[in-house]
Amino acid sequence: MPQLRAPRGTRDLLPDDAARFLRFAEVARGLTERYGYRPIETPLIEQAAVFERGIGEVTDVVEKELFRIAPRTEESEAWALRPEPTAGIVRAYVQHGMQTWPQPVRLTTTGPMFRYDRPQAGRYRQFWQFDVEAIGDPGPAVDAEIIELGLRFFAEVGVQGAEVLLNSIGDPACRPAYLEALVAFYRGHAAELPPTERDRLERNPLRLLDSKDPAMAALNAVAPRTVDHLCEACAAHFAGLRRHLYALAIPYRIEPGLVRGLDYYTRTAIEFYVAGREGQQQALGGGGRYDGLVELLGGRPTPGIGFGLGLDRIALVLDEQRGTAEAAGPGHHDAPDAVVVSADPADTVGRLRIATELLAAGLRARADLGHRKLGRQLEAAGRDGAHFAVILGDELAEGQVQLRDLEAGTQRAVAISDLARELKRGASQHRHG
RNA sequence: GUGGCCUUAGCUCAACUGGCAGAGCAUCGGAUUGUGGCUCCGAAGGUUACGGGUUCAAGCCCCGUAGGCCACCCCA
């Protein structure tokens with residue numbers, strides 16, 4: 001057992017997993033490109049103030065989950081690892097004057113996020129998100145666009161049964177009155193509240209709504225709903241969103257208990273999930289509208305909306321839906337067209353020379369670099385899933401090698417000068433046959 | 001940050017009531033001259049997560065720490 005290991009809550013993505021995450025990123029790139037979202041990369045570290053101000057000082061994410069980096073000198077500022085991508089992207093929007101670009105500015109990024117909480121399956125301290133943001137458009141049409149994009153991502157990576165939960169949590173115009181009504185309601189039932197919930201009532205009353213405490217279920221069912229207390233503008237926005245979703249034939253469920261954990265959200269709250277799964281890490285993605293965030297971070301008042309999808313959890317769901325994950329170990333997805341082996345166990349020079357010629361010709365080729373006897377080399381080539389073995393033997397004197405079809409078990413002599421051409425023909429036959 | 005369960009070879013798991021740590025798979029090597037997948041033989045791989053304690057004797061009992069999982073908190 002090695003004493004050095006990946007830090008708690010982090011993990012190595014071994015080749016099978018790493019390839020899968022890369023594929024997610026490729027799907028994300030193709031998709032967002034078509035929709036007109038342009039890539040952006042912001043630092044993994046930001047001034048802590050970006051998150052404290054943007055996300056909110058009293059949120060769990062900032063209070064207890066932020067990876068803080070201590071200042072190195074008295075003068076330097078406190079930094080933190082990004083717990084989510086939106087605050088950093090909005091910071092970049094303001095810093096680089098993107099309000100002068102055609103609005104909305106559609107941006108996307110995929111990368112690791114960091115939260116210092118207690119790890120569990122599907123919940124890591126370093127996790128990956130595919131994220132999209134549309135900044136500068138107030139209308140509900142862009143809300144619908146982004147939701148449709150999210151669902152399409154799930155479809156393209158092969159997740160079955162992805163669904164959308166929606167809610168509207170109002171804005172600064174209507175939320176104070178709603179909160180008042182909410183607090184008044186729970187105060188009226190203070191005797192029925194568990195202690196932790198009573199504490200929340202003072203600190204963050206919205207959170208009472210999505211409590212998992214069974215004792216709260218009955219109460220929450222009759223609690224005031226955000227959607228019933230929206231101001232005229234927010235109500236119109238929500239109705240507009242529903243109209244657009246209807247026109248796009250996108251099903252959704254309104255979830256009155258869906259209140260996002262970050263302060264910057266206004267109006268539309270979104271969550272993606274797959275129904276009927278075990279365990280608690282059900283959310284595969286979430287996001288919403290943040291019409292006040294740009295201003296909070298020093299820009300002009302600018303609306304925005306976005307979401308992030310958790311790639312670790314999507315990988316988990318794909319495993320569940322396939323029954324079991326493919327076996328670990330060397331995969332055959334990048335199986336070579338040919339492995340160059342030799343009857344002379346010592347002749348790595350000849351093998352490497354032929355292999356590099358094949359590589360230069362664009363083939364997937366590799367040389368067996370060991371000093372094993374021929375049988376072992378062929379055995380290894382077969383295990384690697386190679387289609388052909390190029391066997392170097394006495395025929396080298398006549399400028400020939402044996403080209404062996406490892407699947408058919410047949411072989412013939414081929415002139416070295418014809419080898420690349422022959423292999424290309426054979427490889428394409430294998431791919432189409 | 002709170003509580004519960006768990007940790008034996010790279011992986012999946014054995015090891016009686018406390019009595020010399022094992023198997024399968026994977027890896028590497030061999031089975032008479034240059035031919036793989038099957039089979040046979042062999043090797044390597046362990047401070048039983050780590051640190052203490054009890055005992056003639058600890059993988060097994062006790063305490064602590066770390067990590068994983070589960071439920072909270074919360075979220076992706």
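- In plain terms, the two heavy atoms of A:R82 and A:P43 that are nearest each other are CD-O, 3.9 Å.
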For nucleotides 34-43 of chain B, read 5' to 3', which letter fits each nucleotide if B means a protein heavy atom sits under 4.0 Å from the base, S means only the sugar-phosphate is that close, and - means neither?
BBBB------
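- Under 4.0 Å is where a charged nitrogen must lie from a carboxylate oxygen, and between A:E379 and A:R383 at least one such pair does.
- A:G9 comes within 4.0 angstrom of sugar-phosphate atoms only, judged by non-hydrogen atoms across all strands, and of no base.
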Dot-bracket for RNA chain B, 5' to 3', with Watson-Crick and G-U pairs under 3.5 Å, [ ] for crossing pairs and | for other-strand pairs: what is it?
(((((((..((((.....[..)))).(((((.......))))).....(((((..]....))))))))))))....
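- Of the candidates B:G68, B:C72, B:G67, B:C72 carries the atom nearest the A:Q120 side chain, counting heavy atoms from C-beta on.
- Two residues, A:P119 and A:R115, neighbour RNA chain B, and the one matched to the more 5' nucleotide by heavy-atom proximity is A:P119.
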List the atom pairs, donor and acceptor, that lie under 3.5 Å between side-chain atoms in residues 45-53 of chain A and the rest of the protein, sequence neighbours left out.
unit_1: A:E46; atom_1: OE1; unit_2: A:R91; atom_2: NH1; d: 2.8
unit_1: A:E46; atom_1: OE2; unit_2: A:R91; atom_2: NH1; d: 2.5
unit_1: A:E52; atom_1: OE2; unit_2: A:R68; atom_2: NH1; d: 2.8
unit_1: A:E52; atom_1: OE2; unit_2: A:R68; atom_2: NH2; d: 3.3

Could you give me the CA-CA distance, side-chain angles and deciding distance for A:R351 and A:D347, then say whether salt bridge (charged side-chain N to carboxylate O under 4.0 Å, His left out) is met?
CA-CA 7 Å; A:R351 276 177 247 164; A:D347 181 25; 5.8 Å; no
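- Separation of the C1' atoms belonging to B:C75 and B:C13 is 35 Å when rounded to the nearest angstrom.
- Applying the 4.0 Å criterion to OP1 and OP2 of B:G67, one finds that A:R8 has a side-chain N or O inside that range.
- Evaluation of atom-type donor-acceptor distances gives a pair under 3.5 Å for the side chain of A:R118 against the base of B:G3.
- Between the P atoms of B:G24 and B:A43, the separation comes to 12 Å (whole Å).
- A:F127 qualifies as a stacking partner of the B:A76 base, centre to centre under 5.5 Å and near-parallel within 30°.
- On the P atoms, B:A58 is 12 Å away from B:U48, given to the nearest whole Å.
- Separating the C1' atom of B:A26 from that of B:A66 is a span of 28 Å, rounded to the nearest Å.
- The residue A:Y124 sits close to a base: some heavy atom pair falls under 4.0 Å.
- Distance from the side chain of A:A121 is smallest for B:C69 among the nucleotides B:C28, B:C73, B:C69.
- For residues 264-275 of chain A, the salt bridge (charged side-chain N to carboxylate O under 4.0 Å, His left out) pairs, not counting sequence neighbours, are A:D171-A:R267, A:R260-A:E271.
- Residue pairs meeting the salt bridge (charged side-chain N to carboxylate O under 4.0 Å, His left out) criterion with at least one member in residues 403-420 of chain A, sequence neighbours excluded: A:R412-A:E422, A:D418-A:R421.
- Summarising the geometry, atom OG1 belonging to A:T266 is positioned 7.0 Å from atom CZ belonging to A:R175; distances are rounded to the nearest 0.5 Å.
- Each of A:F153, A:F272, A:Y265, A:Y290 was checked for a ring pair (Phe, Tyr, Trp, His ring centres under 6.0 Å) with A:F307, and the lone residue meeting it is A:F272.
- For the pair A:I270 CD1 and B:A76 P, the computed distance is 12 Å after rounding to whole Å.
- The stretch residues 112-127 of chain A participates, sequence neighbours left out, in no salt bridge (charged side-chain N to carboxylate O under 4.0 Å, His left out) pair at all.
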